[in-house]
Amino acid sequence: MEYRFRDIEKKWQQHWKETNAYKVPNESSKPKFYVLDMFPYPSGAGLHVGHPLGYIASDIYARFKRLKGYNVLHPMGYDAFGLPAEQYAIDHGIHPAVSTEDNINNFRKQLDNIGFCFDWDREVRTCDPKFYKWTQWIFLQLFNSFFNRQSKKAEKIGVLIAAFEKAGTAEHPIPNSQFRISSFCKTEWNSYDEKTKQDILMQYRLAYCGYGEVNWCEALGTVLANDEVVNGVSERGGHPVEKKKLRQWYLRITEYADRLLEGLEAVDFSESMKEMQSNWIGKSFGANLKFQIANFPSQLEVFTTRPDTIFGVDFMVLAPEHELVNQIKSAEQAKVVDDYIAFVKSRSERERMAEKKITGVFTGAYAVNPFDGREIPIWISEYVLVGYGTGAIMAVPCGDQRDFLFAKYFNIPITNIIGNHYSGEEANATKEAILENSGFINGMRMKDAIDVVINKLEELGIGERKVNYKMHDAAFSRQRYWGEPFPVIWKDGVAYPLDESELPVELPQLDDLKPGPDGEGPLSNLPEWKNYKGGIREVNTMPGYAGSSWYFLRYMDPQNEKEFCSRKASDYWGQVDLYIGGTEHAVGHLLYSRMWTKFLYDLGLIGHDEPYKKLVNQGMIQGSSRFVYRITSSSEEGEITKPFFVSYNLRSDAEIIRKLVFGNRAGALMYVTSPLHVDVNIVDGVELNIEAFKNWRNGEYADAEFILEEGKYICGVETEKMSKSKFNTVNPNDLVEKYGADTFRMYEMFLGPVEMSKPWDTKGIEGVHRFLRKFCRLFSDEIKGKVWNEEKPTDAELKVLHKTIKKIEEDTERFSFNTGVSTFMIATNELTDLKCHKKEILEKLLILLSPYAPHISEELWHRLGNPGSVLDAVFPKWNEKYLKETSKAYPVAINGKTRTEITLSLDITQQQVEEIVLQNEVVRKWLEGKQPKKIIYVKNKMINVVV
RNA sequence: GCCCGGGUGGCGGAAUUGGUAGACGCAGCAGACUCAAAAUCUGCCGUUCGCAAGAAUGUGCUGGUUCGAUUCCAGUCCCGGGCACCA
């Protein structure tokens, strides 16, 4: 049979669509299984071969589970709000709604081409008002809730108001120590005006508005969340980011820090993923303690994880932005302090990170050690960050390397409290040392002293046990257009939520996306929209991660107009059993969606508090770039205008190059070769297709000349990120066109483990294609036509089948799709060798193959005369009976070199093994009449004889 | 600097967790069919020695545990990823 994949694939894709073959019901007697892909951001560039890797893996797994008798939810949608679409609109004048729609249609076409089993009736788009109505609704729930630290869960804000009315802040102290009110009783609360009450409540709300240092990106005209800033520049576009104090919306994710940390223990994520998350949360245990400032009424509070080193404190360091700095600086130090602060301000985050120079100045003030009364100089330095702890540290140079370097640099004397653990050359952060020079904790081991000191601090009322987190609340507003509007209006400086009946707050049509005044977003330019019900609408929009924080719930009940997702639907589908996506969302999306899930769980809206049971990170497929080497210039001979290209290995062969480029002119030996990206699609392996190259880019190099090696032009190779500008992208459509979707799917899997990153290489795709053709030949022949028959299979044939069933089941279950593909190849080779064309065998094989290569499986299923669809077949069970057979075993001589083979049956008893082994000639000879102490039947192949 | 991964033929990668290392595929070589090409099929294919049978050696490197190590332990060198003035 000729393998006419184009016709076959078109035919079945059409058929599946018409018969709604992938529709998933919400009610079923079957057990459920939820397989989810991270939904794509529909960029203009379309899909390249890297994107479908995860989708193919999840598709295979979803189809496999379906065959195994599960009701499988496998949906797809689009993360369609966000910065790039808006940036594109500004650059090209195309409205984001239009370009997004175009991109989605393009994505869809590419996805359909590969034959995925998505239930498209459940598609979601985060930019669709029917969807973001519920994003806004969940925002309202967050706004109207607080985190009850006693019960450790979110509760309605009404509970808090009732508590205030009854007992003031007694049960729920104000969490923000910077707030102008620190506590109040019930009569005070009842006497407050509306604005004060609302300001207080704002300190508790899980979605809140506040002023804070934010990551401001001037080029993008918006703030960014911490995880959207990488190395001091924006993740998207790489623009500089600065700190700015602005009014912003936040998500109080810090309240969930502990539960997010604990939740990691219950989920099946990779170790590195868990670690990235717990590093981001950054929990550390220690103490806050207060130092009196000499000759001043104020106290200086620091956070430390090592209170045991209190007697080793030789100086204090404040962040330059610390509020005490201006009060405590002495008259003679005032100028240097001011200059230093100005210097720090002038430096971008980026410069600061890049340089890492030791800088700082003395303030002129002294702190007093609470235990021995020692006066300690107070410095300021940029290595102390305002945002962490209290923005101030006690420096212990003998125990902390940064403090040590600082002390050395500024010649501050160092106190040694750890005896010979401290070398004087570098700090030693040990906890094992026995303390010296340490007052009441002298002679104690450091580890043990930690608690002793904290207890003492608490007893004296100058400190307390304290847990600190690196994670901050997440900035939740963007000064942008293409996002969800906030369902909030402002009146007299108070934010009021809109009523649920007013949702969705639709994003108004706006053609000019220029920013509004005072760093506000484009919506600020629409007065008729902005003014609403006697107030002013919030003109910021929500960030890209808003919709993606809960989209997996909407798939369960996508048409519901009354609820974001009915409790019945979410109880049926429950957690995502398998989530597949890249590692780049480790601390963003994954953390936010975990928080939203916990929040919805707290309110009783869903029944589970972790969204994903198992997470698999697919590796990145990098591009494999090809280079040609152009001979560009010669300092002595002037510009070389004609394009000359030299083959990779001859780049430094001056003789040959001189001959071609300079002819025989003397002294003309200077040249430079510069590498130039060349389209990978006109290179066969490393050999350049010279004709195609001459036609490339409208004949830009039509008159090029080449220096060849062995008649070929060999290109240079480098692995880089796949990108259009590097001409190393491979479009899946081209490969599907040439080899078919089934070949493409199997080849992507065959490349290697799903989790592994690897450069794309099209070379081996022929092998997979050949396998599929060979597989078809088991069914029918080009010349003879139909060759399959209904004869009864032999034991040897059944053995091949059952071995394959077992292996495919194992491979698929453990996500080893690459060995799965190999297993099919082996089975096909073996059946070909056996000349087996028996329906009973082939039919079962088709079922196994259908998750990997659905189109051809369906086609052959029908050619065998089977009714219905292979999609609804039952995954066959393997039978051990057929696997029992003879197998080789090797008794191993312990001190000799003897090794021999014995043929044993797999299902024999220990006693039989021993008999056979002892009868073996080589073993007998080796034993020389002695009795073996022990014969161990190690595995099914090896036998261990101990004498 | 710290924390995770990972080093296996010319290449991508197997080895079901301590039991014949290199499955399967690509590339290569030789051959069959063919006027020829394509397609297909067969054989060989880590390294060294050998005409061969075969022998020795071999999973980054150095040791250790074990009858037996790609697998476990210690040390070391590379490569990839993450975090990084977090007190």
Side-chain angles (χ1 to χ4, degrees), chain A residues 2 231 270-280 282-284 286 302-306 309 316-317 319 352-353 355-359 381-385 387-396 399-403 405-406 429 468-471 583-584 586-587 617 619-620 622 685 719 746-747 750-753 755-771 773-774 777 782 806-807 810-811 813-814 816 818-829 832 888-896 899 901 934 936 938-947:
Chain A
E2 200 186 335
N231 292 329
S270 69
E271 281 310 309
S272 63
M273 182 62 50
K274 286 183 180 182
E275 203 192 297
M276 271 189 244
Q277 292 209 2
S278 54
N279 278 350
W280 184 263
K283 185 175 188 174
S284 55
V302 301
F303 171 71
T304 178
T305 55
R306 298 295 301 275
T309 61
M316 313 288 285
V317 187
R352 221 170 123 156
M353 285 204 212
E355 283 183 25
K356 279 191 184 175
K357 276 201 316 210
I358 298 171
T359 65
S381 171
E382 45 179 0
Y383 86 90
V384 174
L385 309 172
Y388 185 75
T390 62
I393 62 157
M394 56 180 231
V396 183
D400 183 293
Q401 188 61 14
R402 288 157 309 171
D403 298 346
L405 292 173
F406 193 86
N468 244 315
Y469 300 94
K470 280 193 229 174
M471 184 170 71
T583 35
E584 66 271 22
V587 290
N617 298 112
M620 277 229 296
Q622 294 128 313
T719 299
M746 291 191 92
Y747 183 58
F750 189 63
L751 277 175
E755 291 94 332
M756 199 185 281
S757 288
K758 56 226 150 197
W760 177 262
D761 177 16
T762 310
K763 265 267 142 130
I765 196 166
E766 289 280 355
V768 175
H769 192 62
R770 241 172 278 187
F771 147 72
R773 283 207 304 256
K774 192 168 184 179
R777 262 181 264 126
E782 279 95 341
K806 185 170 185 239
K807 188 76 168 42
E810 283 168 2
D811 289 341
E813 196 65 71
R814 70 188 168 104
S816 184
N818 55 332
T819 54
V821 175
S822 295
T823 304
F824 285 120
M825 291 175 170
I826 294 166
T828 305
N829 289 343
T832 305
K888 285 170 183 170
Y890 303 82
V892 177
I894 291 166
N895 37 16
R899 191 169 77 185
E901 298 181 4
K934 213 167 33 169
I936 307 160
V938 179
K939 282 259 157 125
N940 53 14
K941 288 191 220 159
M942 301 301 292
I943 286 154
N944 204 345
V945 183
V946 183
V947 276

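The chains referred to below are lettered A, B, ... by the order of the sequence lines, with proteins before strands, and numbering in each begins at 1.
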Engineer: Search all heavy atoms of A/Y747 against all heavy atoms of A/I765 and return the closest pair with its distance.
Structural biologist: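 Smallest heavy-atom distance, with atoms named: CE1-N, 3.5 Å.
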Engineer: To the nearest angstrom, how far is A/Q277 atom CD from B/C4 atom C1'?
Structural biologist: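 Taking atom C1' of B/C4 as the reference, CD of A/Q277 is at 15 Å.
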Engineer: Enumerate the residues from residues 822-829 of chain A whose closest heavy atom to RNA chain B is under 4.0 Å, giving them by residue number; use none for an empty result.
Structural biologist: A/S822, A/M825, A/I826, A/N829
Engineer: Over 60° means perpendicular and under 30° means parallel, so tell me whether A/F303 and A/Y388 are parallel, tilted or perpendicular.
Structural biologist: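 Perpendicular: the ring planes of A/F303 and A/Y388 meet at over 60°.
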Engineer: Answer yes or no: does a side-chain N or O of A/R770 lie under 4.0 Å from OP1 or OP2 of B/C26?
Structural biologist: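 For B/C26, OP1 or OP2 has a side-chain N or O of A/R770 closer than 4.0 Å.
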Engineer: Which nucleotide sits closest to the side chain of A/E275: B/C4, B/G13, B/U16?
Structural biologist: B/C4
Engineer: To the side chain of A/R777, which of B/C41, B/A14, B/A87 is closest?
Structural biologist: B/C41
Engineer: Just verifying a value: how many Å separate A/M471 CE and A/S278 OG, rounded to the nearest 0.5 Å?
Structural biologist: 11.5 Å
Engineer: Can you measure from CE (A/M394) to CG (A/D400) and round to the nearest 0.5 angstrom?
Structural biologist: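 Atom-to-atom, A/M394:CE and A/D400:CG are 10.0 Å apart.
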Engineer: A/G764 or A/R306: which one's nearest nucleotide on RNA chain B is closer to the 5' end?
Structural biologist: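 Going by which nucleotide is closer to the 5' end, it is A/G764.
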Engineer: Ignoring hydrogens, what is the shortest heavy-atom contact between A/A586 and A/M276? Give both atom names and the distance.
Structural biologist: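 In this case the closest contact between A/A586 and A/M276 is CB-SD, 3.6 Å.
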Engineer: Could you work out the separation of B/G13 and B/U66 based on their C1' atoms and round it to a whole Å?
Structural biologist: 29 Å
Engineer: C1' atom, B/U70 versus B/C61: distance in rounded Å?
Structural biologist: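 Result for the C1' pair: 15 Å, nearest Å.
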Engineer: With the 90 degree cut-off around zero defining syn, does B/G9 come out syn or anti?
Structural biologist: syn
Engineer: Would you mind reading off the distance between A/W280 atom CH2 and B/C3 atom C1', rounded to a whole angstrom?
Structural biologist: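 Answer to the nearest Å: 17 Å.
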Engineer: Whole Å only: how far is the CZ atom of A/F771 from the P atom of B/U40?
Structural biologist: 14 Å
Engineer: Rounded to whole Å, please give me the gap between CD1 in A/I393 and P in B/C85.
Structural biologist: 14 Å
Engineer: Looking at residues at least two apart in the chain, or sitting in another chain, which of them share a side-chain hydrogen bond (donor to acceptor under 3.5 Å, both in side chains) with A/R770?
Structural biologist: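 Result, side-chain hydrogen bond (donor to acceptor under 3.5 Å, both in side chains) vs A/R770: none returned.
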Engineer: Please determine whether a side-chain nitrogen or oxygen atom of A/K807 lies at a distance below 4.0 Å from atom OP1 or OP2 of B/A23.
Structural biologist: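 The answer is no; no side-chain N or O of A/K807 sits under 4.0 Å from OP1 or OP2.
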Engineer: Is any side-chain N or O of A/N818 closer than 4.0 Å to OP1 or OP2 of B/A14?
Structural biologist: yes
Engineer: To the side chain of A/T819, which of B/G25, B/U16, B/A15 is closest?
Structural biologist: B/A15
Engineer: Rounded to whole Å, how long is the line connecting atom CE of A/M620 with atom C1' of B/G6?
Structural biologist: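 Between C1' of B/G6 and CE of A/M620: 17 Å.
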Engineer: If we ignore angles and hydrogens, is there a donor and acceptor under 3.5 Å between the side chains of A/N829 and A/K774?
Structural biologist: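 Yes - a donor-acceptor pair under 3.5 Å links their side chains.
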Engineer: Taking only the P atom of each, what is the distance from B/G10 to B/U48 in whole angstrom?
Structural biologist: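 Looking at atom P only, B/G10 and B/U48 are 10 Å apart.
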Engineer: Could you check if the base of B/U40 is syn or anti? Syn means the glycosidic torsion is within 90 degrees of 0.
Structural biologist: anti
Engineer: Measure the distance from CG on A/N468 to C1' on B/A87 and round it to the nearest whole Å.
Structural biologist: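 It works out to 9 Å between those atoms.
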Engineer: Atom CE of A/M746 and atom CZ of A/F824: how far apart are they, to the nearest 0.5 Å?
Structural biologist: 5.5 Å
Engineer: Given the P atoms of B/A38 and B/C44, what is the spacing between them in whole Å?
Structural biologist: 23 Å
Engineer: Taking the same atom, C1', in B/A69 and in B/U62, what whole-Å distance lies between them?
Structural biologist: 15 Å
Engineer: Using whole Å, what does the distance between atom P of nucleotide B/C11 and atom CG of A/L751 come to?
Structural biologist: 17 Å
Engineer: Is RNA chain B part of any stem, that is, at least 3 consecutive Watson-Crick or G-U pairs with both distances under 3.5 Å, and where?
Structural biologist: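 As far as RNA chain B goes, consecutive pairing (with distances under 3.5 Å) yields the stems B:1-7 with B:77-83, B:10-12 with B:24-26, B:28-32 with B:40-44, B:46-49 with B:54-57, B:60-64 with B:72-76.
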Engineer: Expressed in whole Å, how much space separates the C1' atoms belonging to B/G50 and B/U16?
Structural biologist: 38 Å
Engineer: When rounded to the nearest Å, what value does the distance between P atoms of B/U76 and B/C4 take?
Structural biologist: 15 Å
Engineer: Just how far is it from atom CZ of A/R777 to atom OG1 of A/T832, taken to the nearest 0.5 Å?
Structural biologist: 7.5 Å
Engineer: Do the non-hydrogen side-chain atoms of A/V384 and A/M316 ever get within less than 4.5 Å of each other?
Structural biologist: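 The answer is no; the side chains never approach within 4.5 Å.
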Engineer: Give me the distance, rounded to whole Å, that separates B/U8 from B/A23 when you measure between the C1' atoms they each carry.
Structural biologist: 13 Å
Engineer: Give the rounded distance in Å between these two atoms: CZ of A/R814 and P of B/U17.
Structural biologist: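 Going from CZ in A/R814 over to P in B/U17 covers 9 Å.
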Engineer: Give the nucleotide from the list B/C4, B/A39, B/C41 with an atom nearest to the side chain of A/R773.
Structural biologist: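 So the side chain of A/R773 is nearest to B/A39.
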Engineer: With no hydrogens and no angle check, just 3.5 Å: does a side-chain donor-acceptor pair link A/T583 and A/N617?
Structural biologist: no
Engineer: Taking the nucleotide of RNA chain B with the nearest heavy atom to each, does A/M276 or A/K763 sit closer to the 5' end?
Structural biologist: A/K763
